[in-house]
Structures are given as C-alpha cells and as structure tokens.
Trainee: 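One structure, pasted below without further comment.
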Amino acid sequence: MTETATLTRKDFQSDQDVRWCPGCGDYAILKAVQSLLPELGIPKEKFVVVSGIGCSSRFPYYMDTFGFHTIHGRAPAIATGLKTSRPDLDVWVITGDGDSMSIGGNHLIHALRRNVGIKILMFNNRIYGLTKGQYSPTSEVGKRTSSTPVGSIDPPFNPLALTLGAGASFVARSVDIFQQHLVDTLRRAAEHRGSAFVEIYQNCNIFNDHAFAYMTDKANRESQAVYLEHGKPLVFNGGAQGIVLNGMRLEVKDLGNGLTEEDCLVWDETNPLLAQMATQLLPPEFPTPLGVLRAVEQPVFEQSVGAQIQNEIDRQGTGSLEELLSAGDTWKVG
Amino acid sequence: MTETATLTRKDFQSDQDVRWCPGCGDYAILKAVQSLLPELGIPKEKFVVVSGIGCSSRFPYYMDTFGFHTIHGRAPAIATGLKTSRPDLDVWVITGDGDSMSIGGNHLIHALRRNVGIKILMFNNRIYGLTKGQYSPTSEVGKRTSSTPVGSIDPPFNPLALTLGAGASFVARSVDIFQQHLVDTLRRAAEHRGSAFVEIYQNCNIFNDHAFAYMTDKANRESQAVYLEHGKPLVFNGGAQGIVLNGMRLEVKDLGNGLTEEDCLVWDETNPLLAQMATQLLPPEFPTPLGVLRAVEQPVFEQSVGAQIQNEIDRQGTGSLEELLSAGDTWKVG
Amino acid sequence: MTSTASVHDGTDGADVAPEQLSDVVIRFAGDSGDGMQLTGSQFTNTSAILGNDLSTLPDFPAEIRAPAGTLPGVSAFQVRIADYDIHTPGDVPDVLVAMNPAALKTNIGDLKPNGILILNSNEFKKVNFKKAKYEVDPREDGSLDGFRVFEVELTRLTREALAETELGNRDKDRCKNLFALGMIYWLFSRTMDNTIEWLGKKFAKKPDIAAANIRAMNAGWNYCDITGAFQVRYEVMPAKLEPGTYRNINGNSAAALGFVAGSRRSGLPLFLGSYPITPASSLLHELARYKHFNVTTFQAEDEIAAICASIGAAFGGSLAITTTSGPGIALKSEGMNLAVMTELPMVVVNIQRGGPSTGLPTKTEQSDLLQVLFGRNGESPMPVVAPSSPADCFDAAVEACRIALRHMVPVIFLSDGYLANGSEPWKLPTVEDLPDLRGNFASGDDLDDDGQFLPYRRDAETLARPWAVPGTPGLEHRIGGLEKQDGTGNVSYDPENHELMTHLRAEKVARVADTIGDLEVHGDPEGGELLVMGWGSTLGAITGAVNTACDNGLKVSRAHLRHLNPFPKNLGDVLSRFDKVLMPEMNTGQLALLLRGKFLKDIVTYSKVQGKPFTRNEILAKIEEMMEVGND
Amino acid sequence: MTSTASVHDGTDGADVAPEQLSDVVIRFAGDSGDGMQLTGSQFTNTSAILGNDLSTLPDFPAEIRAPAGTLPGVSAFQVRIADYDIHTPGDVPDVLVAMNPAALKTNIGDLKPNGILILNSNEFKKVNFKKAKYEVDPREDGSLDGFRVFEVELTRLTREALAETELGNRDKDRCKNLFALGMIYWLFSRTMDNTIEWLGKKFAKKPDIAAANIRAMNAGWNYCDITGAFQVRYEVMPAKLEPGTYRNINGNSAAALGFVAGSRRSGLPLFLGSYPITPASSLLHELARYKHFNVTTFQAEDEIAAICASIGAAFGGSLAITTTSGPGIALKSEGMNLAVMTELPMVVVNIQRGGPSTGLPTKTEQSDLLQVLFGRNGESPMPVVAPSSPADCFDAAVEACRIALRHMVPVIFLSDGYLANGSEPWKLPTVEDLPDLRGNFASGDDLDDDGQFLPYRRDAETLARPWAVPGTPGLEHRIGGLEKQDGTGNVSYDPENHELMTHLRAEKVARVADTIGDLEVHGDPEGGELLVMGWGSTLGAITGAVNTACDNGLKVSRAHLRHLNPFPKNLGDVLSRFDKVLMPEMNTGQLALLLRGKFLKDIVTYSKVQGKPFTRNEILAKIEEMMEVGND
Ligand SMILES: Cc1ncc(C[n+]2csc(CCOP(=O)(O)OP(=O)(O)O)c2C)c(N)n1
Ligand SMILES: Cc1ncc(C[n+]2csc(CCOP(=O)(O)OP(=O)(O)O)c2C)c(N)n1
Ligand code: SF4
Ligand code: SF4
Ligand SMILES: [Mg+2]
Ligand SMILES: [Mg+2]
C-alpha cells in the first residue's frame, strides 16, 4: 500500500476524451475528485466510480479507476450491491438531479436509510442536460423548458430536506467552481463512515446557464453563501453579517452595533433540527448554506451484513456442503 | 346532489366478502372510511379508491365505489393521472408500508411534492402481510422474519419525516382501533386541498401482532399517545403530563407543582419545524404523537394543470384541428 | 408416550389384512388453520422413509387468510405414493380427507369415483354450510353417492382423547389433524414413529403440546383399529429407486441448495438480491438461513434494486443471483439488459405463476418463456435453463451457475409454481461429482503485450470476456450500458462494431450449446409417428402419459428440453425424424411458436392455461387422438 | 434587404444554364454549433415549396455536446430532392458541405465518386486536424482526389460580408452557415425568399441578426454568381405529387398531430404521461404545446409513473398515451400488462433505438418488435401498429387510437429513430375524412335486467368490455390486475374462467383483423418468384430497391406490414403464393421468426444491425442475389 503515497491527480485521468460541453461545470467537479482521491491513501485499484445516465454520469469514463456507467437512476442500487459484497472497495456514485431525484429517487432514499458506505455526489444543474433540456425535480416553479413551454408547475424537491427526511447520516452541499470548498467537502464525505450525500451545484451552460449565478458571481459570493463549519458561528459576508437563532427561527443580522460573532448560531452538524433549519435557508432572503449539514455516526450497512455472516460462522461453523445437502429426514435405498 | 344527503355507511359496502384475517386491523380502517364518506356531501359515484398490492390494498373490493386494485407500489402514480385528468373526482389511495415505502417510495414522494389532490392512507403494520411476513422498510431493527432469520439490520424509515422531507402539505397519523380519532383525522385529510398523507398504525395479528400494543393496550393509551390539535397545548395522560419546548428540544414534564397547561407547547400544524420535532417523539421516551402534524395550503397540482390549459385556450382560442394540421410552411400541388 | 405409540407401528397386528396397492393418491383438505400442510408433509416423510417413490402438491389458499370455514380459506395437500417410479402427484385422489364443508366443496370434484372420503362430521353444521355456500347439507342431497363416505366426529373424538390434559379447547382442537393423520397411518399401515419423533423435536419446548398431538394421533389410529371403521386396509410397498441416500425436497429448496453448491464449487461468495413475491419468496427465505455459507441475502426495496444490487455484486466478483416471478421479471428487464451488455455473470430466477399482470399469484403457468427470451429492448440473448421436476431444480441451478460463470453471461433459471412447491424424493448428489467452477478472475498478468488491459478481449473457445474485478491492480477499466467497442470496451457508435457486437453476443450464447449435450429421445431415437415434446414441469405428466400409451401398445416417443436457449444441437434433427410432434404447454403455445419458427416443423400445441398442471390422462387422451388421426 | 434578395430568386439571370437533374442528395455537415440542422431544414422547406418530392435524415451527435471541432461533435443533415416519387433520403450524397475537418472525416466516406465537396478552408488548420484526429491535412494526402472539391473561405468571407454590421466576430461567425446555404441555393437555382421570410419571423425581435443572416446568405449566392466558382448549376423540377396541400413533416411531429386528431375525433381529452428519452422526447415537447387542444402532458418521475398516470387517465376517460423508447418499454411492461388485464384503452408509443441496454441512443433499429409483443409475464396480447414513413406516422397514430378506443385494448405504436427524425412531404388530410371515434362510454342505462352493471360484459362484435368511467352514477365497479371473472369482473381463481379469459383477451385482439383490411401486394398479387416483405421504416429502401429491380426487368413483388398484431387475414395466403420471401429487418430477423412460426414459410432474413437504415442498393443487391440463385 506504500505506493499509494505517490499517486497524483494524473493517475486518475483516463485516456478518454472528455466530452462535456465546453464551459460545463462538470469539468470542475472532475478536477476536484481527481485532486482528492490521490490524497486519501487508498490504492488506486480499490476505487470504483458508479454512475447512472446523464451528462454527469459520463464521469466514470474520465476516471482511471474501475468504473460502471449503469442505467438511469439505478446507480445507488448497483453500488449498494457492490459495496455490500465488497466492503474493501471505495465506492463513489455520480448522479444528476434527474438521475437521482426523478427516476432514481427510491434507490437514493433507501441507500441513505440503510447507511451503505457509498459516497453519492449529485450534480444538481436543475435540468436534464443529456436529453436536451427538460425541467427536472429540482427546477424552480415556472421554469420554461422544452417539456414545459409555458412554465413548470410542480414545486421542486429540496434535496437536502429529502435526504435528511430519509435518515441520511451525512448530508452536505458544495458548488462546482468553489474548488477548494468542494475538495474539502468531498474529503469529509470520503472520510465519513456510512452513506454520504453531497449536493453539488453545477452549472449547465447550455440548458440552464447562470442557475447559481446569484451566488457564484464574484460580486455575490460573499453575501449569498454561508459556510457551515462544525463548532463555528454562522458568520458571512466577510464578517459583516451573521445568522442568529431567534426562538425557533433563523434570522440574518448585520454584525456590529453590539452584535458580534458570539451572538451567532454555532453550527452543530450532529443536531438534526439545525440541519432541518439549514435546508430552509433559501435565497434571496438567506445566504445559501454550504458545507456539512449533518454528519453522525450510525451503524454501517455492509459492516452489519458482514458481522451477521461472521456471527453465524462463529455460531454454526463454516457451512459444510455435504451436511447441507443431506440435512433433514433422509433415507437410504439399496 | 341532494340525494347524497341520504347516503349511509351501507351505501359504501360492496357485495364482496371481506377476506382479511379475522382480527386484522384493516377491518377497523374499512369501517372508518365507510363511516366517513357518506358525511362528506359528495355523490357516491365521484369516489374512486385506488390501491397497490398487499393485504391492505384489497380495500377497494370492499368499497361500493369506483375502485382500482393496481400493481405493487404504483397507486400514487395511477391516482395522479386520474386526479390530474379528472379533478372532479374524489380520489383515495390505499397502500401498505411495503407498497408505499418500499417499491412505491418514489411515486409517493413525487405525488406529495406535486401536491396532487389525492388522499393517501398508508396502513403501517410494519410487515409484509400478503407475502407472509417479511420485514418492511418500517420494521424496527433486529426484526426476525422469514427473510431476516437472525434479525433485520437496516434502520426503518420514519414515514412522517420522509413525507415532510418530500414537501408534503398534509401529514397526519392515526391508529386502526382509535376509531373516532381515525374518522376525525381522515375527515381532515378529506377536507385538505392538495395531497394528504395519513399514516395509520395497523395491527397485523398474524405476522406482527402487538406491534403497537405499547400504545393501544387499554392500560397505555393515555400515557403513550399525545394528540396534536392545532392551537391547543400538548397535554396528555389525562392532563397529568405535558410536552414543553426547552430551547430547541421537546421535553415531557409532569404537570402540577406550578407547571400548567399554559407552559406546554401549543401545537401549530403550519410550523414546519414543529412537525419535524414531532416526528422525533419516539417511544418509550415520548408519547406517540397522533393527529395532524402538518397542514398548509399550497398550489394544487391538478388545478395548476387545468389553469394552464384554460389560459392557453383563453390566449389562443380553442385549438382548431384544421389549422393545426396545416400549420407551418405548406404548399399546394395540382 | 413413545412407548404407547410404538405398539402401533405399521407392522403390528391389525385385524384387517392390508391389501397391496401400487399407487395411491391422498389429499388432505381443510381450513388454513387446520394444519393440512403439516399433516400432508408428515405422511409424505414417513412414506419416503418407508421407501415409496412419491410426489406432492400443496395447494395454498390465494394470498389472504380468509375467515375460517370459507371457500377461499381452504388449504390442501396432495401426496401420491407408489411402489414404482412416478412423476406427478397424481391426477385424481383415491382418498380425500375433508375437515369442513368448504374443504369438501372445493375438492370433492376431483375425487375418484368410489374413492374414500373422510369427513369431520362435527363441522357439518348450518353455520359452516353457509360459509361454504352450500344451500343444503351435502351429505343429504345425494351428491356424495358415488363415494365411500366415512363420517368421523374428529373434533369431539380429539377433545375426548385429550380430556385429561390441561389444554383448553382451542389447543385441543388444534390436534384434530393429528387424529386424522393417525387414521390415515392406520389405513395405509404405516409407522407413526417418524411423526412422533418429529413432534418431540418440534415442540421440544412445549412438551405438553407434543404429548397432546401424539395422543391425538394414537387416538385416530386406535379409533380405526377398534371401531373397524374401515373395512379395508392398504399397503404400498417400497419402490425400486436407484440406490443412494434420499430426502424429500421441493423445487425452491432444491434450487436454493443448487445455488449454494454453485457458490461452493466456484469458491465465490453467493449474493442474492431479491424482493419477496409469490411463489419465489421461499428462495429468499431459505438462502437467508445459509449465512454461514458466506451467503449474503439482500431484501431490496423492489425488483429493480434487487437485480441492480446483484449486478453490482457480480461486478465485484460474487456469484450473483436474483429471484422473482413474472411481474418481477418485467421490472428487472432493464437490469437484465445491462447485464447482457456488460457481459457479467449472474442467474435470474423466474418462478412462473399465472398471468398476465398480477394474474393468479398462487397458481402455476409456463407463460413467461417468450418474456424471458425476448422481453428486453434490442437484440439481447440470454441462455435459459428450465428444471423439469422438484429435485431437478438442484441440478438445473448448478447448471445455470456453470453457464453464467464459464460463459460470462446472465442466465435465466425458469421454474414454476408447481415445481417450486411440489416435492419428490431426491437422491443426494456426491459433492465431488458436481462441476468444478473455480478460476474465474482475470489478474494483472492478463495484460496485452503493450501493457493494456482489454476488458472485452474474448476467449477463443467461449467468446467470454475476462472478469476483472475491482481491487485487482492494473485492471482498472470502465463498463456500461452503451455499446462497447470489442476489445477495449470503450463506448462506440461505430456501425460495423455494433453489428459485430450484436453477433458476438448472440454467438457467445449459441456456443453454450457446445457444452450441454444432445437432446435425448425416450422411445425410438430413430424416429417414428409421434414425438411428445415438453419443457419444464410438464415432464411428469408427459412421462406418465407416454409410458401408459406405450403400455397400451402405441408407438410414441418423448423428449424434454431443459435448455431453451440455446437449444441442443441435435434438436432440428430429432424433430425431423418424427411425423408429428405434440407439445403440451401451460401457455398458448410459446415454445411451439419458437420451434416452428426455427425449424419450420409443424408442431401441434396442446395448451392448458388453467393455473394448474396437466394431468397424465389429458395428455394421454391427446396422444390417442393424434395417433388415431394418423391412422386415417 | 428583401429587395436585394429578390433579385436573386432561382429564376433570375445567371451565367451558367442550369443542368436538369431528377434526383439529388445533399448533406450538410459541421460542428454541432454550426447550425447544420437549420441550414438543411431551410433548404428542405424551400425545395418542398418548389414542389419537389423529398426526404430528409438528420444525424445528431450522440448525447453530449462534444468540444467544438471534435469528431463526436459533428452534426449532419441529409436531404434528397427529386422530381418524382421517392422514398428514402438517399444512399449516397451527391453534394457534401463540410464546415470543418471533423465533419469531413465522418462524412467523406459516404460521398458519391466525383461528388461535389464544399469545404470551409478557414477551418482547415492544425488545431482542427488534431481534434479530428487527422495526422496530415486531408486536402493534401490525395484522399479527396476522386471528388470535385471546392474550397471556400467561408469564415473570412462571411466576416467580410458583415464587416459593416455592429456584430462581434462570434455573432458574425454564426452566420457562415447561411453563407453556405446561399451557395447551395445558387447551385440548385432556388429562390431564397422563403428563408428570408423565415429569418425575418424568427428574429423578429433581433432585426440586426436577421439582417446579418440574410446578408451572409446573399453573399454566398453572390460569391458563386460572381466568382463562377462552380462550373455547373443544377435544377430539379417539381415532382408529380398527388394534388393537395402539403407540408414537410418529421415522424414524431406527424405522430403528435395524429394523437391530437385522435383526441378531437373521439371528443376525448388527450392525456400524455411521459418521461424524456431519445428519440421519443420530441413527442412530449410537441404535445406540451397543444394545451389549447385540451391536451395534458405530464412529465412523470420515470417511465413507470408515466404509464401508470396514463392508465389512471384512461380509467378516468381520457385518450391516454405514453411515449418512450426501448429502455422505457422495459420499465413500462408491468404497467402495460395491467392495461391488458383491465382492458383499458391507451396507446403505448415506442420510438425504437439501437439496443440492447442503453445501446446506441441516437441510432435507429427495429429490434424491439419481439419485446413489445412478448415482453410481459403471462399471455398478454397487444395490437401493434408500425408506421412506415415519417408522414405515415400521422395515419398510424390515428389508427392506433381507433383500435384502442373501439376494441378497449392498449395498443403499441412502434416507430423508430429514423422515422422520428426523418421528414418528407405530407399531404394534409381532410379532417372529416378521419375516422369518427366518438361514443365510447357506458352510461347508467347499461345495466342488466336485474339492475347490475357488468364491467366485463362483452360487445358481441369486438368482445370489448364497456368503458365505465368514474363519475357515472350506477356504474360503480372495481377493476384490477388479478384475474377477473368474465362478466362481473370480480376476482376469480377459477381454472376454467382463467382459460376463458386468456382466450377472450387473445380473441379480442385477433378480431382487430376484421377492421384492418387485407395486405396489399405491389407487383404481382397472383404470386411469383420473390416477395420482398417489410415492416416499419424499411418501406422506403425496399420500395426503391423493388422498383429498380422491376425497372431492371426482374419480376419482384413487395408487401409491407403495418399491423404486426394481429396480421391481416390474407397474410398466410399472400406468403403461400410466392416461392421465396425476403425480409429485410434492422434486427436479426424478429418478424421473420414470427412469420415462420406462424405460417411455416421459409422466410429469408436480410439483417442489418448497424444503427442505420438499409440503403436501396443493399436491398437491390440482395434481391439480385436471390433471383440469380433462383435462376440456377
Ligand atoms: C430508462 C431511461 N429513461 C430515460 C432515459 C433518458 N435520460 C437519460 S439522462 C436523463 C436525465 C438526465 O438528467 P440529469 O440526471 O439531471 O443529468 P444531467 O444530464 O443534467 O447531468 C434522461 C431522462 C434513459 N437513458 N433511460
Ligand atoms: C412487482 C411485485 N413485486 C412483489 C409483489 C409481491 N408483493 C405483494 S404485496 C407485497 C408487500 C405487501 O406489504 P405491504 O405493502 O406492507 O402490505 P400489507 O400486506 O402488509 O398490507 C409484496 C412484496 C407483487 N405483487 N408485485
Ligand atoms: S448539456 Fe449542460 S450539463 Fe450537459 S455537458 Fe453540456 S453544459 Fe454540461
Ligand atoms: S396477514 Fe396481517 S395484514 Fe394481512 S389480512 Fe392477515 S392480519 Fe391483516
Ligand atoms: Mg441535471
Ligand atoms: Mg404492511
């Protein structure tokens, strides 16, 4: 395993031409993942990247790891089987907002409920990229697309609220072009024992350009995002503003005039109610929370599965096929 | 419509023999629904009961309304199509914990997200009844069943947390044998505009008997359940105990000694955070909350669909087939 | 108590000298709560140990436990015992035990003329007639005239037998099936020892219950012995089975053991992804009990997740299985296609039931054949193995594993509800005789000269691609559902490559035929007038019918297909050697359509779509009809 | 600007006298960003208005917008125009416009020997050669020797033409496709008026963009006119089409209109439940724009929900449609089965693409035929209608609605990617001539004598059951996926009823044959040596090949199936009249297998599985091969 120390980003680049549209946010996420993996101290052959279908799901082709570009929406289920049967592998799931929240919603929530040790990165561009621009379950109401020419009417999922509702043990959010934050967030996910769900805001410059510009534009980055860091107060806008807990309600306050960091809510990523509250920090009223909303230790599915098997072996001994076949009432003829 | 005034429970009983196991909780729920519908002032032919597959899903056969016993997990999707195309109908979905939370999880959360005006009654017996007793996604950890002989390992869904996370506009809970509460809760669901989700604790006396006995046994009813009523303080155990908000935490307190009803949390079914907190009131520490966790008005899917169609008709006039066929560049030959 | 019982073993002095029978069919029928399955199984096991050949068919009520005493609540168990090699649980019972009017009503239609009918007369009362939808007491309307009716007050007699125990009436009544069993043991001159031993074990923690059951059984025996209720007594001698150790087994249990054997013989951990569905659930239940065999069972959220988890496990190097019935296959078809495209080994088990749609969940049918062959978008060939008897499910399961692992393909195991629940004696195989399935994985040595790994390089013989499991250094590669370039496995939209890959996938499956052997013709391999051809669970009825036809002097041959894709290489040849081919199928002629299309041979379909198996006599009649026509 | 342009309409004085051609194939190829689809469509529309018969085939890049200039980023549009009745977009282009090296590389292989090749020489530079994986400049390695190459500095000339405008270079460069179009208009002596008008409308809100585009097009025209770049000029005269009003239409648009027509003619609201998938998505997009026709489009969470919502809408009395491609059919199969069992009317649209699995999403194939026929558990018959040309999609859609509503069955509409995207002139139908589909619902008067409503009572003629929609007083009833008792619709496990219902469901579909008319044989209806038989989108290539073969003196007939279940009643008869039957299919012989099985006729499969349609010449060669063999 010593050779893993020498891995670099290049070791994770496959020989395939990257075929996303120029300017697509997927490039930045690819870069972040390729930067992170060599740091993890895991031999390269232990990584598996599993994806569904969508622009984002072409991701495995560009990673020089084991990869599986599966079918639409099913990546969490396939990854569940893989990780459960091979807990030694480091399994990453790449999925889009359509792949994971539309057709794949059920597999997603079940993987999270079970707390299978897979890392699910959802590239949320709030649109169907690959099929050329229909609205998705994360598109805002009123979205005009090829399939909704006079605007969509169904309220979007709040991906963080949904995954928290499903019982996820790790939920986080980052942004394609906030490279350092993204790498840091992915590192947290990688280190989490159990399922990790990371929503990554991703710009689709072809079908939904500027979807996150309100926050990613240089001018707004400070004022429109707040970084959740465990044990630290929620301060943003270069220290000019903070978030304060008032009864059961979060409020944005200008700091100064006697109001200091100390008065701001201290983030606790283990508090389920805080996580819930964070999901409701919506623009334009609130800065968008980035970072880890929730991270708690819970029993990990594949480990429990393995433990049950080991227990039974300990209890009954390794099964003997001869004995199994001849179990129950038998009789001899001749 | 005047004749609806004369409808009685009997009008909703079909000629089919009811085939649940004697003692099954489904009987009580059938009775509650058959008691409620005549009260709603809706002509009988407007009711449609749609179900998936499971013991619970045999429900439509016993109702003398229009009924559709569909396929496993898909009832919310079928009901969505029906209600969207026929907003005049009163559409009820009957489903089990396996039907709705296992195979049908995705359709459930999408129906709730869209806020389609259907009433979803989930009979939660925490087991697969029809297929003879496998564990379900609401079974408690460690459950020994035919498919988990040494105990299940996956943590169950919290159905109320999941549906709230999906953005449901109405979420409630009741119990098969708490007949009056059940009828009242179903009435609230019936009157709600938009999707209503009601979890009904249901005893399967064959495969999971006594699953809710901790609360339904005569001895425990008072101490183990707390009734959520909008605008009223959370008092239970015959007034001996109450629930108090302490910071961001709910606590059970004995009343008396200066502590009165006035100090208890006043239930607000429109407060999303309170609803979240209620989902975390778990036995044995807390009494089980029954009643309406959340009820808010939100745009209703089928009405928005209808409005868009009407708008387009207003804007463009009712489409003319001749004009449509000959739209675009045409030319004449001969 | 055991000592009391041993007095009554089948050999002790009874007044009536047993008449020798060579073949008897007995059906136990009662309410779901009456323990008929248990009663039947006990009689079966005892008969097996006594050396009879046998075959059983349980008939569960559909889905829900109906209220006691009603028609939908009836549960039945049929067992046929014989002193020769038999193949079906029998067409019509010789003996019917009916524990209540509902059981009588649903089963009397099948009883043989002059057959023995035992009734629990205590249950023949107004309230039960109503539940069974009898207008009048059937004992009084002449409808039972053609049978030898024995009315026994089973309930009262059982209670009396247990009068001295501490049990309440409800518990006492639960023992009345053992009273009935005791009677049948007497009637067929069998020992009660096995059942006594079994009861002792089963109720080890409730000795009073064990004792009561044994006492009730003894009471039933004594009742016959003392009252001389029956004028007759029978005996069925042991059959001349192949020497070996036997156990009685049903199809799903046999299949489960076959998969464990596949796992052991390949050295691969077994991974089962499944979602419960009748009549496949028991495979999940059974495999869940074999954790100490390194078996992982995963109850997924639905059938799609079940097969997908299995695909993930297959990618990771497990022997992957997924089990379901027809509606589940519909849901799995997209996943099956992914396995076809990625050329991963796995076994997809379909225990067929009556369709379409939810259909008849507890009934049997063979109507998913074309679904498993063609129910996927695009050209998507998969091998299909169909077991032909409950015990054969073991061999067929091992065979499915063999094909999957050797040829790197997903394989269909196509059984049905009749095989799943029916049972027969199974001669235990010798583990070493099972195929050796070891040695499947590519290693870091499998690189090309230029150090590249080609995930779609093909084995010269089988065309299988290498199985390069994650974790193997140097074999990093990507697979997926888009068309692959042969060799590199890169995504390819090249027209010629697509055609090449389409043909390679087909050829890879076709080459399975190299290892499955020829189709055997029973009868006249040189050909003749009529060949009766079948597949799957019709084997028993066809064999019975053809044997009888031959005994009757007709020249009929038969052949049975176990591999439905690819077919044995000599199949066309075999078909061409017969003037006529008759194919009984529990569908409207699915395999016949395929064989006609492939071989342009006029195959006559004999279709039965009633949710129940063919009887020997039905097929015999059809054979006779066809032979007569041929004689014109 | 319009005045400038009108000077250059196709008839004005140009130096070169146009040579008359009867049939020309032109392909525009460039980067996805180069606007090739628009360019091709404009040329097509103008040609249509000038009265040519025509046929088009767009070829989109697979899935993702690849970086500009790369091979996967190439987008092409082929159009064939003729002065006679044609059926395909042509085998090989006469003219190829290649906007960059990548476009050249992917398309040059198809260009006719001595064909005209127009290159944008500004793009032929190192960086682009690398992107296109050219090692050397293809203009210099002799590989273009066999063609008439015209190098034009399209980028520079366009920029120059727009020098005076306010546009930036990026916007200017966006106009270079119009420059190329101007050239082609000149070359084929066509008016630019239609395109000028269209640009004016399209950019009504951006008049500067409209003006720039028009100016670029004029510049292209003038470039040819002035430089005499081409030594030739062509003209294709109008075709003798049937009199009527025409429009150019692609298959998915025609189908969408067909469904709207079905809705109008039945008086039922249209409900579409769908989930996006290539190449079916455009049906959803198009129908979403017809809200004022009381059309509801529902983008569901997946294909399962899409068909289920449609089933719900069908139960509620809508004309229900669901649209998808093969992988979606796999997911919908359980829902389709529910519709079969509950006998609800609906249309399931499958726009086939290359499989298996995700396969080749943007390529065409006919390999889902057996899937739609058999891909469901149990015996589950569904009628299948397959359109044979883009315009025919309209009629086939109306026909699918007719069958669904008249016979109370779910119906498959089986098209493919080639039809979906290809276009041809469509003679507008007269609305009154479309079938009258009104009057579908049961009413409170449909009760039996005893006041009972029987949801499975059958129409004597069609065996259809009544459509009793919720909201109708007195018709309360329950349906579902369990087997139904005929008449009452109650759940039934009765063996005979199951067999009866199985046969009724089959017979109901079989009776559709009563209303579909006989199969027409083109050529010699009395029979002869060779019949070329096809279905779906192979019509054009087959017709072209058979016509040419006949012109060459061969006696060949052809027939084309549009109903694949049930077949026309005379099909067996037709087949029996020919010595040989050749069946070209874009699969490995799926319909052939079926016809062989059904009619025991030796049908010769001509298989092509390359994700692209047959060419006329391929089929012609096969015909000649078969006729020669026959002449031995
Ligand atoms: C079963 C199935 N249904 C539909 C599709 C078509 N499809 C491919 S990707 C996609 C949605 C992509 O959206 P998203 O997941 O948001 O990914 P993005 O392209 O935006 O990254 C759809 C509908 C498919 N491939 N398979
Ligand atoms: C596609 C499909 N998969 C599986 C089944 C088998 N099945 C029927 S009901 C059921 C689960 C029932 O559990 P639940 O929804 O909790 O209902 P209950 O019987 O407990 O009321 C299952 C797995 C089926 N009918 N269809
Ligand atoms: S379509 Fe959008 S998401 Fe897809 S590659 Fe292009 S920019 Fe990225
Ligand atoms: S099995 Fe359980 S849920 Fe089903 S009918 Fe019986 S008691 Fe009710
Ligand atoms: Mg997306
Ligand atoms: Mg349940």
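What you see is a predicted model; the values in this text were computed from it and never measured. All chains are named by letter (A, B, ...) in the order of the sequence lines, taking the proteins before the strands, and each is independently numbered beginning at 1.
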Trainee: Search all heavy atoms of A/E312 against all heavy atoms of B/V150 and return the closest pair with its distance.
Mentor: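 Looks like OE2-CG1, 3.4 Å.
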Trainee: Please identify, among B/G151, B/P137, B/G167, the residue contributing the most non-hydrogen atom pairs under 4.5 Å to chain A.
Mentor: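 Answer, by heavy-atom pair count under 4.5 Å with chain A: B/P137.
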Trainee: A/L164 versus chain B, heavy atoms under 4.5 Å apart: side chain, backbone, both or neither?
Mentor: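 Looking at A/L164, nothing touches chain B.
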Trainee: Do the non-hydrogen side-chain atoms of A/D154 and B/H110 ever get within less than 4.5 Å of each other?
Mentor: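 No, their side chains stay 4.5 Å or more apart.
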Trainee: Heavy atoms only: give me the nearest A/M101-B/N106 pair and the separation to one decimal.
Mentor: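 Result for this residue pair: O-OD1, 4.3 Å.
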Trainee: Measure distances from B/L245 to the heavy atoms of chain A and classify the residue's part below 4.5 Å as side chain, backbone, both or neither.
Mentor: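 Contact with chain A involves the side chain of B/L245 alone.
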Trainee: So how far is it from A/L112 CG to B/L162 CG, rounded to the nearest 0.5 Å?
Mentor: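 If I round to the nearest 0.5 Å, the distance is 10.5 Å.
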Trainee: Heavy atoms only: give me the nearest B/I153-A/Q308 pair and the separation to one decimal.
Mentor: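 Minimum heavy-atom contact is CG2-NE2, 3.4 Å.
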Trainee: For A/V305, which atoms come within 4.5 Å of any heavy atom of chain B: side chain, backbone, both, or neither?
Mentor: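 Both backbone and side chain of A/V305 come within 4.5 Å of chain B.
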Trainee: Does any part of the side chain of B/M277, heavy atoms only, come nearer than 4.5 Å to the side chain of A/Q276, both counted from C-beta?
Mentor: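 Side-chain contact under 4.5 Å: no.
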Trainee: Most heavy-atom pairs under 4.5 angstrom with chain A, which of B/R249, B/Q298, B/R114?
Mentor: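 The option with the most such pairs is B/R114.
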Trainee: Which heavy atom of B/R113 sits nearest a heavy atom of A/P156, and at what distance?
Mentor: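 For B/R113 and A/P156, the tightest heavy-atom pair comes out as CD-C, 4.0 Å.
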Trainee: Just give me the residue among A/A307, A/P299, A/S102, A/P159 that pairs up with chain B most often, heavy atom to heavy atom, under 4.5 Å.
Mentor: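 The candidate making the most pairs under 4.5 Å is A/S102.
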Trainee: Who among B/S304, B/P155, B/A161 has the most heavy-atom pairs with chain A under 4.5 Å?
Mentor: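 Most heavy-atom pairs within the cutoff with chain A belong to B/P155.
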Trainee: Please examine the side chains of A/Q280 and B/L273, heavy atoms only from C-beta on, and report whether any two atoms are closer than 4.5 Å.
Mentor: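 No, side chains not in contact.
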